[in-house]
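As structure tokens, the structure follows; a few thoughts come after it.
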Amino acid sequence: MKTILAAYSGVKKGSGSSILSALHDLPSVPWLTRSKIMKYLQVISVLQFVISFLAMGIGCSLLLMYMFCTDCWVIAAIYTAWLIYDWNTPKQGGRRSTWVRNWTVWKYFRDYFPIRLIKTHNLLPSRNYIFGYHPHGIFCFGAFCNFGTEATGFSKIFPGIKPSLATLAGNFRLPVFRDYLMSGGICPVNSNSIDYLLSSNGTGNAVVIVIGGAAESLHCTPGMNSVMLKKRKGFVKLALKQGADLVPVYSFGENEVYKQLIFDDGSWWRMVQKRLQKILGFAPCLFHGCGLFFPESWGLVPYCKPITTVVGEPITVPKIEEPSQDVIDMYHAMYIRSLKSLFDNYKTRFGLNESDTLQIQ
């Protein structure tokens, strides 16, 4: 209260130095400390990402349809025409924006958990890469922050390498949301898009694929160290066809930020989840974090758990236009061994026990 009166007194006297001095003292006000302001900004930055992911695409689609029924139909028609004209852009490298990737909001996003990026080996700009990201988690916070933004300094840690995070192709059919995704260097996770990035975009490209996909998200819960990889070999075939080196990536803490209700295999609820996953392309998980105003309550805000993303050693892959199944299996086995080694070498540094093992499903 005294601080606020001091600021008011400064205004009455017309003293600029008094005003600046009073404003400088504002962080000492109990309900407006600097640390609390920073924490609120971090929570808002994370919550806007979650809400954007859940509702932005559907919301913009409904808004576009509504505009056709109003006096703004001309704007809606122009945007729809542009959407049709621009339809294939996501498959052809997208429309990356350095400005968007460097938004300050992503630094608050990073610091909320916090999220860190660890390099174990250098990557050559003369090569192309396919990063296999594990585990999926609920929202892939680590994958987005490290590879969809510059908040953790990817371009400085790996100079000459341009990351492209691959996500569901269906997201790029949603108006406005597609442009939002492309601005971060995010691309559809299909063969056409990945082939373009690895064959028609020069070298120094790193396509980041969350190997476990939506199916893996149904198993994500705190304390779970399990990835769906045993039957996932398509990314290895893509790497062989393009001669792109394989790089295992593991995010310690990705599964810790939300609690999920996991149903037993064979149960009615599990069958519903898998059915909806096939129809929608993503898994409808029943999860919760903490509340916005009351941390002890349930809500969409993730728990403050550190996420550390470790980029492993690249596996050199030859270019084979038509790789045989035996060759695919061989490099797939090499990748699994490399991922397990990465997990074992770093697990105790980031909160796990020496006895913890990585389960490959």
Side-chain angles (χ1 to χ4, degrees), residues 42 45-46 48-49 52-53 90 93-137 139-167 180-189 193-194 196-198 201-211 235 239 242 244-254 257 306-315 338-339 342-343 346 349-350:
Q42 291 168 10
S45 68
V46 173
Q48 67 82 25
F49 169 79
S52 295
F53 183 84
R95 195 162 40 245
R96 181 187 302 259
S97 170
T98 303
W99 175 66
V100 173
R101 286 177 60 87
N102 284 281
W103 275 353
T104 303
V105 67
W106 305 134
K107 295 179 182 179
Y108 292 121
F109 180 95
R110 171 200 66 196
D111 294 339
Y112 174 80
F113 296 94
I115 297 174
R116 289 192 298 159
L117 180 65
I118 304 295
K119 177 176 76 171
T120 62
H121 292 78
N122 292 325
L123 299 181
L124 300 176
S126 58
R127 299 285 295 174
N128 282 327
Y129 302 90
I130 289 182
F131 285 17
Y133 184 88
H134 313 269
H136 185 285
F139 283 106
C140 299
F141 287 121
F144 173 77
C145 186
N146 288 306
F147 308 118
T149 78
E150 283 294 331
T152 55
F154 182 93
S155 61
K156 294 180 180 178
I157 296 174
F158 296 102
I161 306 299
K162 184 168 66 176
S164 297
L165 176 61
T167 187
Y180 183 59
L181 293 175
M182 284 193 290
S183 64
I186 300 176
C187 66
V189 62
S193 175
I194 296 172
Y196 180 90
L197 288 169
L198 298 178
N201 208 34
T203 58
N205 299 289
V207 178
V208 185
I209 303 175
V210 185
I211 306 298
F235 72 104
Q242 298 297 336
D245 295 346
L246 290 168
V247 181
V249 180
Y250 195 88
S251 270
F252 295 90
E254 184 74 64
V257 297
I307 298 175
T308 306
T309 302
V310 185
V311 180
E313 182 179 5
I315 302 169
S338 183
L339 178 62
L342 178 69
F343 179 87
Y346 287 89
R349 303 187 194 183
F350 306 118

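Small disclaimer: the values here were computed from a predicted structure and weren't measured.
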Derivation of the side chain to side chain contact (heavy atoms under 4.5 Å, CB included) call for Val207 and Phe235: CA-CA 10 Å; Val207 178; Phe235 72 104; over 6 Å; no
Can you find a pair of side-chain heavy atoms, one from Pro248 and one from Tyr133, that are under 4.5 Å apart? no
Separation between NZ (Lys107) and OG (Ser45), nearest 0.5 Å, reads 13.0 Å
Identified ring pair (Phe, Tyr, Trp, His ring centres under 6.0 Å) counterpart of Phe53 within the set Tyr180, Phe139, Phe141: Phe139
Distance (rounded to the nearest 0.5 Å) between Ile118 CD1 and Leu342 CG: 11.0 Å
Can you establish whether the number of heavy atoms outside Tyr196 located under 6.0 Å from its atom OH is more than 12? yes
Closest contact, heavy atoms only, Pro125 versus Pro159: CG-O, 3.7 Å
Evaluate the criterion side chain to side chain contact (heavy atoms under 4.5 Å, CB included) for residue pair Val257 and Ile307; output intermediate values, then yes/no. CA-CA 9 Å; Val257 297; Ile307 298 175; 3.9 Å; yes
Can Lys162 and Asn201 be said to form a side chain to side chain contact (heavy atoms under 4.5 Å, CB included), step by step? CA-CA 10 Å; Lys162 184 168 66 176; Asn201 208 34; 3.6 Å; yes
Check: Asn205 and Ser164 side chains under 4.5 Å, non-hydrogen atoms: no
Heavy-atom pair with the smallest gap, counting every atom of His121 and Pro314: CB-CD, 4.0 Å
State, to 0.1 Å, how close Val189 and Ala166 come at their nearest heavy-atom pair, and which atoms those are. CB-CB, 3.6 Å
Given the rule in the side chain to side chain contact (heavy atoms under 4.5 Å, CB included) test, do Val100 and Trp103 qualify, once you have shown the distances and angles that lead to the verdict? CA-CA 5 Å; Val100 173; Trp103 275 353; 3.9 Å; yes
Can you tell me which residue pairs pass the salt bridge (charged side-chain N to carboxylate O under 4.0 Å, His left out) test with a partner in residues 94-104, sequence neighbours excluded? Asp86-Arg95, Arg95-Asp179, Arg101-Glu150
Do you know the tightest heavy-atom contact between Ile211 and Gly132? CG1-CA, 3.8 Å
Indicate yes or no: at least one non-hydrogen side-chain atom of Val249 is less than 4.5 angstrom from one of Asn146. no
Nearest heavy-atom pair of Thr167 and Ile186: which atoms, and what distance? CG2-CG2, 3.5 Å
Does any non-hydrogen side-chain atom of Pro163 lie less than 4.5 Å from one of Phe131? no
In this structure, NE2 of His136 is separated from CD of Glu254 (nearest 0.5 Å) by 8.5 Å
For Cys187 versus Leu197, what's the shortest heavy-atom pair and its separation? SG-CD1, 3.7 Å
Check whether any side-chain heavy atom of Val311 lies under 4.5 Å from a side-chain heavy atom of Lys119, and answer yes or no. no
So do the side chains of Thr203 and Asn128 get within less than 4.5 Å of each other, counting heavy atoms only? yes
In Å, rounded to the nearest 0.5 Å, how long is the span from OG1 of Thr149 to CZ of Phe147? 10.5 Å
To the nearest 0.5 Å, what is the distance between OH (Tyr250) and OG1 (Thr309)? 11.0 Å
Would you say Pro306 and Phe350 make side-chain contact, with heavy atoms under 4.5 Å? no
Any donor-acceptor N or O pair under 3.5 Å, side chains Tyr108, Gln48: no
Report yes if some heavy atom in the side chain of Leu339 is under 4.5 Å from a heavy atom in the side chain of His134; otherwise report no. yes
Take Phe49 and Phe144 through the ring-ring contact (aromatic ring centres under 6.0 Å, His included) test and state the conclusion after the steps. CA-CA 10 Å; Phe49 169 79; Phe144 173 77; 4.6 Å; yes
Roughly how far, to the nearest 0.5 Å, is the CD1 atom of Ile130 from the CD atom of Gln242? 8.0 Å
